[in-house]
*Asks:* 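Quick one: the structure is below, questions incoming.
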Amino acid sequence: MNTCSHLCSSLLNKCKTLKTMKQVHAFVHKTGLDTDPLVFGKLLLHCAVTISSDALDYARRLFLHFPYPDTFMYNTLIRGLADSDNPHNALLLFHDMRRKYVRPIDSFSFAFTLKAAANCGSLREGMQLHCQGLLHGLHTHVFVGTTLVSMYGECGCIGLARKVFDEMPEPNVVAWNAVLTACFKCGDVEGAEEVFGSMPWKDLTSWNIVVAGYVKADELELAKEAFWRMPVKDDVSWSTMIVGFAQSGCFDEAFGFFGELQRKGVRPNEASLSGVLSACAQAGAVEFGRILHGLVEKAGFLSMISVNNALLDMYSKSGNVEMARLVFERMPERKSVVSWTSMIAALAMHGYGKEAIQFFCRMEASGVRPDGIAFISVLYACSHAGLVNEGCEYFSKMRDLYGIEPAIDHYGCMVDLYGRAGKLQKAYDFVCQLPISPNAIVWRTLLGACSIHGNVELAEQVKEMLSKLDPDNAGDHVLLSNVYAAAGKWKDVAAVRRSMADQKIKKTPGWSVIEVGKVMYRFVAGDKSNKITEEAYEKLREIMLKLRVGGGYLPEVGSVLHDIEVEDKEDSVFMHGEKLAVAFGLARLPEGRMIRIVKNLRVCRDCHTVMKLISKVYRSEIVVRDRSRFHSFKDGCCSCNDYW
DNA sequence: GTAGGGTTAG
C-alpha cells in the first residue's frame, strides 16, 4: 500500500495537464487506492492547486464524490477556489465546513479563506473571519496574522492592517514585508517609508516591494533611486522596473532597463519579457519585437500564456494582424480570456469587424467566459464596422446572459456605436438617460461623432457639458473648431482659438513615429530642427508635387485649427508628423517594404487622403496606427473604409 | 501530505 501511494505521488508530480491527471485518476480508481485519504488528498491538491484552471472543476467534482472529506481536503479545495476567477466559492465552502461541524478548522483553513476574502475585496467577510480567528485563538499565529495584514491591505484598510501587525507577538521578515506591501497598496507612501526604515531585516524581497511600490505610486524617480541603491538585485527587481515603466507609458525607459538587464547577463523571465513586449506594442516597435520573439522562442518561453498574449498584442499594435493571428493559433494549452480579447481587438482595430465578432462566438463556444473587457472589444468591433444592431445585441447579452453590469466604458462604446453610424439623436438620448452620470469621455465620444457628421448644433451643446466636466482639455476645443471649420464657420473657429489662448490651453503636440533600421524616428508637426526632418521635408515636397500633378490631390484644411490665410492652413496640414514620417520611410526604407507609422492622436482627414494617394501612386503599403485604430492603405483605399 | 511577503498580457 505504501509503495503504491509513493508511486501515485511520483505519477502525480509528472502530471501537467488535466488529461494526464484523468489517466492517473483512472489508474488510482482501478487499484482501489482512491479511497485512501492520503492518496485522494494528493489527487485533489494536484487538480485544485498545481494544475488549476480547467482542472479546478474536476477537483470540485472529485470532492463531492468523496464520502467524508477531511480538513486537508477542505483546505485544499478552498485554496484552489480562492485563486480562481470566482473566489467567492471558497468562502461558501468554508462556511459549509463551519456550519456542518464536519471537520475541525485549522490555521490553514483560515489562511486560505482569508486569501479568498482578500481576492474578493470583501472587507465584511474578512472581518468576520478575523473575529472567528480570535475565537479560535489563531490571531497570534504568525501565518494567519500575516494573511490578515495582507487582507486588510488588499481591502484598503491600512489602519487595521497595521493594528494586526502591531499586535503580532513576534513578526518575522515575511510579516514585515506584508505590512510594507499593505502601506503601498493603500497609497500610504510615507507610512511605507517609515515601516521600511524600522525593519529589523531587509532582504531582497523588501527592496523589491519598495521599488514596486514607488512605481505603482507613480514615483518613478524614487523607484529608480531605490533600484540602483538596493544591495542585491534579482530577476524580479529587473522585471519590476521594466513592467513598471512600460505600464506608465515610458517605453523608452522600459527598453533601456531591458537592455541593461541583458548587458548584465541577467536571464529575462516571463514578466520582464511580457513587459518589454508591451513596451514594443505601445511604441509600435515591430523590428525589436521580432527580435524578442526569437529570444522568447530560444529561451523556451513560448509555453507561457502571458508571453504569448504580449507577443500577440505586440504584433497587433504594430500593424501586423496576420502575425498576431499566427501567434494566437499556435498558442499552447488553453487560451485565456485575455488572449481572445486581444485577438478580437486586433481584428477590430484592423477593420475586420465581422471576423472579430466570429472570434467572440468562437471564444464562447470554447467555454471561455467573456468578462467586461471582452465585451468592450466586441462592442468596439461593432462600432468601428458600423454594425449597430449586432452591437445592441451584445450589449443586452452582456447583462442578460452573463450578468455583467455595464460600466461607464460600455456606455461609451454604445454612444460611439450610435454616433459613428450617424444616429446622433439616438446617441444623445442614450447619454441623457444613463443610470450613472456620464463622464467626460462619454461626452467627448459624442463630440467626436458630431465632428464626423458635421452637426454644429449638437456639437455646441455637448461642448457645453464638456466645459463643465473637463474645461482644460485641448482636444475638445480642437474637435469643436474642426466642426466649425468643416461648416466653413471661420469666425467661430477663430473664437475657439482665442478662448484657448485666453485660458492658456495648449494643444497636445502630435507626434508620429517610424522605425527604420531598428531606430525609432519621431516627427512632430512643424519641426524643422535637424537633418532628419530636413530630409523628410525634402522628400515630402517631392511627393506632394507628384500627388498634385499625377494624383489630382487637393488639400483639405477642415481639420486645422487656424483662422488665417488658406496657404498657411495648407502649409500647416502639410507639416503634420505622419506625412513627414511616411516621406522619411519612402526615402529610407527599401522599395516595396511596408511603411508603418504610429501616431499619438487621431489621423486627420487630409493626411488620410494623402496616405491613400501615396499608396496608389507609389504602389506602397502604409499602415498607420492612430490613437483609436489602424489604417491600412493599399491601392488608394483604406481598411477603415473612410469610417473612423 | 497544505501556508504567509515582491514582478506577468487585453
Side-chain angles (χ1 to χ4, degrees), chain A residues 5-6 8-9 12 37-46 48-50 70-80 82 106-112 114-115 118 141-151 153 168 171-182 184-185 203-213 215-216 234-244 246-247 268-278 281 301 304-314 316-317 327 335-346 370-374 376-377 380:
Chain A
S5 34
H6 276 304
C8 289
S9 247
L12 281 170
L38 278 180
V39 174
F40 186 81
K42 258 260 148 62
L43 199 73
L44 201 64
L45 181 65
H46 246 77
V49 179
T50 316
D70 61 18
T71 300
F72 176 84
M73 295 172 197
Y74 267 100
N75 291 350
T76 301
L77 193 55
I78 290 172
R79 184 182 168 198
D106 61 12
S107 61
F108 291 95
S109 327
F110 269 102
F112 298 145
L114 275 168
K115 179 110 182 276
H141 190 289
V142 67
F143 279 93
V144 176
T146 307
T147 325
L148 273 169
V149 171
S150 304
M151 184 275 295
M168 284 173 82
N172 58 14
V173 64
V174 182
W176 276 98
N177 286 339
V179 77
L180 183 61
T181 304
F184 277 120
K185 188 122 244 166
D203 66 4
L204 183 58
T205 301
S206 318
W207 280 97
N208 282 340
I209 294 167
V210 169
V211 172
V215 168
K216 292 235 164 68
D234 66 355
D235 59 324
V236 174
S237 331
W238 285 97
S239 50
T240 302
M241 297 307 277
I242 294 163
V243 168
Q247 284 180 344
N269 63 14
E270 200 179 340
S272 54
L273 281 169
S274 303
V276 72
L277 281 167
S278 149
F301 284 103
M304 291 168 176
I305 192 114
S306 62
V307 175
N308 274 289
N309 291 342
L311 267 177
L312 190 169
D313 195 47
M314 180 276 292
S316 149
K317 295 223 172 94
V327 171
K335 297 160 176 65
S336 71
V337 66
V338 177
S339 332
W340 285 100
T341 305
S342 312
M343 198 58 226
I344 293 164
D371 61 7
I373 308 177
I376 299 267
S377 71
Y380 174 96

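Within every chain, numbering begins at 1; the chains are lettered A, B, ... in the order of the sequence lines, protein sequences first and strands thereafter. These figures come from a predicted structure and were not determined experimentally.
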*Asks:* At under 4.0 Å between heavy atoms, what does A/Ala374 touch on the DNA or RNA strands: base, sugar-phosphate, or nothing?
*Replies:* base
*Asks:* With a 3.5 Å distance limit and no angle check, can you tell me whether A/Thr341 reaches the backbone of A/Val337 through a side-chain donor-acceptor pair?
*Replies:* yes
*Asks:* Look at the side chain of A/Asp313 and decide which nucleotide, out of B/dA3, B/dG10, B/dG5, has an atom nearest to it.
*Replies:* B/dG10
*Asks:* Could you give the distance from CD (A/Glu270) to CG (A/Asn308), rounded to the nearest 0.5 Å?
*Replies:* 9.5 Å
*Asks:* Choose from B/dT7, B/dG1, B/dG10 the nucleotide whose nearest atom is closest to any side-chain atom of A/Ser342.
*Replies:*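 Among the listed nucleotides, the one closest to the side chain of A/Ser342 is B/dG10.
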*Asks:* Please determine, for the side chain of A/Ser239, which listed nucleotide (B/dT2, B/dT7, B/dG5) has the closest atom?
*Replies:*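 Nearest to the side-chain atoms of A/Ser239, counting from C-beta on, is B/dT7.
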*Asks:* Hey, is A/Phe112 stacking on B/dA3? Ring centres under 5.5 Å, planes under 30°.
*Replies:*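 No, A/Phe112 does not stack on the base of B/dA3.
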*Asks:* When we call it a touch if two heavy atoms are under 4.0 Å apart, what does A/Val142 touch: a base, just sugar-phosphate, or nothing?
*Replies:*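 It contacts base atoms.
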*Asks:* Quick one: list whatever passes side-chain contact (heavy atoms from CB on, under 4.5 Å) with A/Ala111, sequence neighbours left out.
*Replies:*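 For A/Ala111, the residues satisfying side-chain contact (heavy atoms from CB on, under 4.5 Å) (neighbours in sequence not counted) are A/Thr147.
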*Asks:* Choose from B/dT2, B/dA3, B/dG10 the nucleotide whose nearest atom is closest to any side-chain atom of A/Asn75.
*Replies:* B/dT2
*Asks:* Tell me which nucleotide among B/dG4, B/dT2, B/dA9 gets nearest to the side chain of A/Arg79.
*Replies:* B/dT2
*Asks:* Considering only side-chain heavy atoms of A/Phe108, which listed nucleotide, B/dG5, B/dG10, B/dT2, is closest?
*Replies:* B/dT2
*Asks:* Which nucleotide in the list B/dA9, B/dA3, B/dG4 gets nearest to the side chain of A/Asn172?
*Replies:*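 So the side chain of A/Asn172 is nearest to B/dG4.
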*Asks:* Under the 3.5 Å rule, do the base of B/dT8 and the side chain of A/Ser306 count as making a donor-acceptor pair?
*Replies:*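 Yes.
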*Asks:* By side-chain contact (heavy atoms from CB on, under 4.5 Å), which residues pair with A/Phe108, not counting sequence neighbours?
*Replies:* A/Asn75, A/Asp106, A/Phe112
*Asks:* Of the listed nucleotides (B/dA9, B/dT8, B/dT7), which one gets closest to any side-chain atom of A/Val338?
*Replies:*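 For the A/Val338 side chain, the nearest candidate turns out to be B/dA9.
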*Asks:* Please confirm whether any donor atom in the side chain of A/Ser336 sits under 3.5 Å from an acceptor in the base of B/dA9, or the reverse.
*Replies:* no
